[in-house]
Amino acid sequence: MNDIKDIFAKNLSKLRQASGMTQLELGERLNYSDKTVSKWERGESIPDAGMLKQIADEFGVSVDYLLEAEHDHTQSFAAEPSEEEEALYKKHQTIRHIVQAGVWLLSFLIIVLCWVVTRNFYWLILIWTLPVSFLLSIIFTSLWSRHKGRDNYIFISLFILSILLAIYLSTLKANLWMLFLIMIPVEVLMYFCFKLYFDKRKKN
């Protein structure tokens, strides 16, 4: 078993380095922590069959390739995403941009309509569009991002901050600037939640 662990460790390390990925980047793509990837590459543990298949697919090789000490070099691995994966990624990005643009266009149309009817410029509509836009970013990131953990941390922070900003600007007379202090415990809580999320993968 130790031999298989060592063989897998060497093959994984070579494939990762040849692909130009760090342990952290590979961990994010597999939804594992970089510490777990490091344990694999040191030969301290080996993933289960399902994860071996996922790793093999990530590099465009077979599971046997990962566990074989000698290779005939006729099998190549994908240092970059395949054409199909890249095309799907671009399709997802296009959908994301269209939806985001649609939200902002709708906001502008509502503002114009309100101005035509009431002759008042409701600029706060644009401010409240920010949290809607960041919420959509969280959804799209959860569905399609290659770096879900990192991106969601950023977008969730921006989503909460944009809500506080919208509330503050909507109630300027009340001078609720202390609302922004909420971000301190929120950021601390988010940090530990995401830390726990990745720490769970270390046990694997």
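Taking the ring pair (Phe, Tyr, Trp, His ring centres under 6.0 Å) definition, one finds that H92 meets it with W144, sequence neighbours left out. F134 pairs by the ring pair (Phe, Tyr, Trp, His ring centres under 6.0 Å) definition with nothing, not counting sequence neighbours. Qualifying side-chain contact (heavy atoms from CB on, under 4.5 Å) partners for K53, counting only residues two or more places apart in sequence or in other chains: D57, V63. Partners of A9 according to the side-chain contact (heavy atoms from CB on, under 4.5 Å) rule, which considers only residues two or more places apart in sequence or in another chain, do not exist here.
To the nearest 0.5 Å, the span separating CG on D48 from CD on Q54 amounts to 9.5 Å. For the atom pair CG (D6) and CZ (R42), the distance works out to 12.5 Å, reported to the nearest 0.5 Å. Remark: I46 CD1 to L67 CG distance equals 5.5 Å, nearest 0.5 Å. Atom CG of L66 is separated from atom CG of L15 by 6.5 Å, given to the nearest 0.5 angstrom. In this structure, CG in N152 is found 4.0 Å from OG in S142, a value given to the nearest 0.5 Å. The distance from the OG1 atom of T94 to the OH atom of Y89 is 10.5 Å, given to the nearest 0.5 Å.
Between M51 and Y32, the closest side-chain pair of non-hydrogen atoms falls below 4.5 Å. Residues F155 and L135 have side chains not in contact (no heavy-atom distance under 4.5 Å, counting atoms from C-beta outward). Counting only heavy atoms from C-beta outward, the side chains of L143 and I139 approach each other to under 4.5 Å.
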(request) Assess whether salt bridge (charged side-chain N to carboxylate O under 4.0 Å, His left out) is satisfied between E58 and R29, documenting all intermediate values. (result) CA-CA 9 Å; E58 180 68 37; R29 297 185 73 159; 2.9 Å; yes
(request) Take F59 and L26 through the side chain to side chain contact (heavy atoms under 4.5 Å, CB included) test and state the conclusion after the steps. (result) CA-CA 10 Å; F59 293 111; L26 177 59; 3.9 Å; yes
(message) Is there a side chain to side chain donor-acceptor pair (under 3.5 Å) between D34 and T22? Walk through the geometry before answering.
(response) CA-CA 8 Å; D34 58 329; T22 65; over 6 Å; no
Side-chain donor/acceptor pairs under 3.5 Å, residues 171-192, sequence neighbours excluded:
residue: T171; atom: OG1; partner: I167; partner atom: O; Å: 2.7
residue: E187; atom: OE1; partner: Y153; partner atom: OH; Å: 3.0
residue: E187; atom: OE2; partner: S157; partner atom: OG; Å: 2.8

Taking distance alone, no hydrogens or angles, what donor-acceptor pairs closer than 3.5 Å link side-chain atoms of residues 97-113 to residues at least two apart or in another chain?
residue: H97; atom: ND1; partner: Q93; partner atom: O; Å: 3.2
residue: Q100; atom: OE1; partner: S133; partner atom: OG; Å: 2.8
residue: Q100; atom: NE2; partner: S133; partner atom: O; Å: 3.3
residue: Q100; atom: NE2; partner: S137; partner atom: OG; Å: 2.9
residue: S107; atom: OG; partner: V103; partner atom: O; Å: 3.2
residue: S107; atom: OG; partner: T129; partner atom: OG1; Å: 2.6

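Partner F159 forms a side-chain contact (heavy atoms from CB on, under 4.5 Å) with one of V132, I138, L164 and no other, that one being I138. Screening Q17, K10, Q23 for a side-chain hydrogen bond (donor to acceptor under 3.5 Å, both in side chains) with E41, the sole residue that qualifies is Q23.
When ring centroids are compared, Y122 and W115 stay outside the 6.0 Å threshold.
In the model, W128 has a side-chain atom that pairs as donor or acceptor with a side-chain atom of S170 under 3.5 Å.
In the hydrophobic clustering of this structure, F8 groups with L30; members are Ile, Leu, Val, Met, Phe, Trp, Tyr whose side-chain heavy atoms approach within less than 4.5 Å, directly or through other members. With hydrophobic clusters built from ILVMFWY side chains whose heavy atoms lie under 4.5 angstrom apart, I163 shares a cluster with L130.
Between the side chain of N11 and the backbone N or O of E68, at least one donor-acceptor pair lies under 3.5 Å.
Smallest separation of non-hydrogen atoms from I55 and P47: CD1-CG, 3.9 Å.
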